[in-house]
Amino acid sequence: MGVVKGGRYLLVPFFTLYMILFLYLPLLPHSVHCQCTKTPIIFNFGDSNSDTGGYADGVGLNFAPPNGRTYFHQPARRLSDGRLMIDFLCESLNTDYLTPYLNSLEPNFTNGVNFAIIGSATLPRYVPFSLFVQVSQFLRFRYRSPALMLNGYKDLVGDEDFENALYTIDIGQNDLAASFDNLTYSQVIERIPSFITEIKNAIWNIYEKGGKKFWVHNTGPLGCLPQKLALLARNATELDEHGCLQPLNNAAKTFNAQLRVLCEQLRRELINVTIVYVDIYSIKYDLIANASNYGFESPLMACCGNGGPPYNYNANINCGRTGYSVCHEGSKFISWDGVHYTEAANAIFASKILSTHYSTPQLSFNFFCNNM
């Protein structure tokens, strides 16, 4: 059982990411640290991959140890042992971590807002906290923030900053995952265009309110998640050469192909807009397929869970609940709890994103500094 150390919830200088990469991940490209002359403004939309506390704020709870043990040294309202990709990306832009929109205790929105909520999907549209609801929250914030600033309120975003802001979208995983619970593979594929339409509508709604810079992540290899392998794997013929479920990964690839086409279409339709499509699938699958090259162990096994090898996942005994076990701190696991990733894995994902090799077009994060 891991030990959770006491500590304060503090931002640590960006050199910590360099230390992770220098000590453990020598094969990675150098990370990028942007030199922004003004505080970058980021509005993030998504699910648990980028939720920095929205779910915890919304339902009034914090997650139990050992969540947060690696970096924050206490539960930090994230489903990970430490930082998420969005945290590393904020560090790369020299800005604080994003404050959740639902945070009512002295929130600071000067560098943007995080609308992402654990469990969110694109559909159904009116269920909290779907992408439609998150964008609706943004539109309210867009209307109210400049007006409140004129009345003397601080820690908000000015009118001109919305046009220079970066809008990041990372959603779709839960749509696909939930669909496989009660639909056939062909039925799941038939639903994908409806998910893509919701993302299209979200980008259009933000664009119509002045948004010009979009950073769109595709979805990862769902068939490599220990949770899905433990619950859905039936026979070896469903698994690929790395032990991942092919139907789920193929569905993710289909979703990603349609999302890429959408980004290409919107680049033609929207005026003076930059839309970067980021191939998160390739980044995550490469880490799993070549885990040993990166110094990782048991790429398809959760660090924190129940049941032991091969997946250490039990739907009735999740990480933090009575009966769980957790790998030793510092162990080289990719999956934290069977669904979410460890800080060590997230550090690699962020480094790969910052390399621009997985982005279309290949723009540096410097482009998104709010320097105008």
Side-chain angles (χ1 to χ4, degrees), residues 32 34 36 39-47 49-51 84-86 88-90 92-93 95 98 101 111-116 120-122 130-139 141-142 157 159-173 175 195-220 255-281 283 349-350 352-354 356-372:
V32 177
C34 299
C36 298
T39 300
I41 308 297
I42 304 172
F43 294 104
N44 181 66
F45 306 86
D47 51 33
N49 286 321
S50 58
D51 182 353
L84 308 179
M85 278 193 297
I86 189 67
F88 286 114
L89 296 179
C90 283
S92 76
L93 288 173
T95 192
L98 292 181
Y101 177 74
N111 67 326
V113 184
N114 193 356
F115 297 95
S120 294
T122 67
S130 69
L131 180 60
F132 176 83
V133 172
Q134 292 180 30
V135 173
S136 297
Q137 291 174 328
F138 163 77
L139 295 177
F141 183 88
R142 174 69 179 90
V157 179
D159 192 61
E160 71 283 356
D161 291 323
F162 285 94
E163 290 189 8
N164 296 324
L166 171 61
Y167 297 88
T168 56
I169 299 175
D170 186 340
I171 201 164
Q173 174 173 303
D175 291 284
F195 307 150
I196 300 298
T197 296
E198 291 301 310
I199 296 174
K200 176 182 179 179
N201 291 338
I203 294 175
W204 263 102
N205 284 331
I206 296 169
Y207 166 73
E208 289 175 343
K209 295 302 179 181
K212 294 181 179 179
K213 301 174 182 178
F214 295 89
W215 194 267
V216 183
H217 289 185
N218 69 15
T219 199
F255 173 92
N256 293 341
Q258 294 186 27
L259 183 62
R260 183 172 190 137
V261 169
L262 171 66
C263 290
E264 294 170 352
Q265 171 191 337
L266 291 178
R267 288 191 201 106
R268 295 191 299 268
E269 294 179 355
L270 306 185
I271 301 172
N272 295 326
V273 166
T274 299
I275 300 176
V276 176
Y277 170 86
V278 186
D279 188 5
I280 297 295
Y281 183 100
I283 292 173
F349 302 155
K352 296 275 191 176
I353 291 171
L354 293 169
T356 74
H357 296 320
Y358 296 85
S359 298
T360 305
Q362 291 187 338
L363 294 176
S364 166
F365 242 42
N366 279 302
F367 176 83
F368 297 101
C369 288
N370 187 24
N371 294 333
M372 298 178 64

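Just so it is clear, the structure is predicted and the values come from calculations on it, not from any experiment.
Annotation: side chain of Ile42 is in contact with side chain of Leu93 (closest heavy-atom distance under 4.5 Å). Residues Val216 and Leu262 fail the side-chain proximity criterion, which asks for heavy atoms closer than 4.5 Å.
Looking only at distances, no side-chain donor or acceptor of Glu163 sits under 3.5 Å from a matching main-chain atom of Lys212. The closest donor-acceptor contact from the side chain of Asp175 to the backbone of Thr122 lies under 3.5 Å.
Take Lys200 and apply the salt bridge (Lys or Arg N to Asp or Glu O under 4.0 Å) test, not counting sequence neighbours, and it matches no residue. The side chain to side chain donor-acceptor pair (under 3.5 Å) check on Thr219 picks up nothing, with sequence neighbours excluded. Under the rule for a side chain to side chain donor-acceptor pair (under 3.5 Å), the partners of Glu198 that lie at least two apart in sequence or sit in another chain are Arg125. Applying the side chain to side chain donor-acceptor pair (under 3.5 Å) criterion to Ser50, with sequence neighbours excluded, gives Asn44. Take Ile169 and apply the side chain to side chain contact (heavy atoms under 4.5 Å, CB included) test, not counting sequence neighbours, and it matches Phe45, Ile171, Ile203. With sequence neighbours excluded, the residues that form a side chain to side chain contact (heavy atoms under 4.5 Å, CB included) with Val273 are Tyr207, Phe214, Leu270, Ile275. Evaluation of the side chain to side chain donor-acceptor pair (under 3.5 Å) rule for Asp159 yields Arg142 as partners, not counting sequence neighbours. Contacts of Tyr358 classified as ring-ring contact (aromatic ring centres under 6.0 Å, His included), with partners at least two apart in sequence or in another chain: none.
Each of Val135, Leu98, Val157, Ile206 was compared with Phe43 under the side-chain contact (heavy atoms from CB on, under 4.5 Å) criterion, and only Val157 meets it.
Atom CG of residue Leu131 and atom OG of residue Ser136 lie 9.0 Å apart, to the nearest 0.5 angstrom. Put simply, NZ on Lys213 and CG on Leu363 are 10.0 Å apart, with the number rounded to the nearest 0.5 Å. Between the CG atom of Leu259 and the CZ atom of Phe195 there is a distance of 13.0 Å, given to the nearest 0.5 Å. Atom-to-atom distance recorded for His357:NE2 and Gln362:CD is 7.0 Å, nearest 0.5 angstrom. If you take OG1 on Thr168 and CE on Met85, they are separated by 10.0 Å, rounding to the nearest 0.5 Å. Between the CG atom of Asp51 and the CG atom of Asp170 there is a distance of 11.5 Å, given to the nearest 0.5 Å.
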Under the criterion side chain to side chain contact (heavy atoms under 4.5 Å, CB included), I'd like the reasoning laid out for Gln137 against Phe141: C-alpha separation, chi angles, the key distance, then a yes or no. CA-CA 6 Å; Gln137 291 174 328; Phe141 183 88; over 6 Å; no

Using the rule given for side chain to side chain contact (heavy atoms under 4.5 Å, CB included), can you reason through Trp215 versus His217, listing the C-alpha separation, both sets of side-chain angles and the distance that settles it, and then say yes or no? CA-CA 7 Å; Trp215 194 267; His217 289 185; 3.2 Å; yes

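The side chain to side chain donor-acceptor pair (under 3.5 Å) pairs that include a residue from residues 259-278 are Asn218-Tyr277, Arg260-Thr360, Gln265-Glu269, where partners are two or more places apart or lie in different chains.
Annotation for Ile353 and Ser359: closest pair O-OG, 4.3 Å, computed over non-hydrogen atoms. Residues Phe88 and Ala350 share a closest heavy-atom pair of CB-CB, 3.4 Å.
A ring-centre distance under 6.0 Å is not found for Phe138 and Tyr101.
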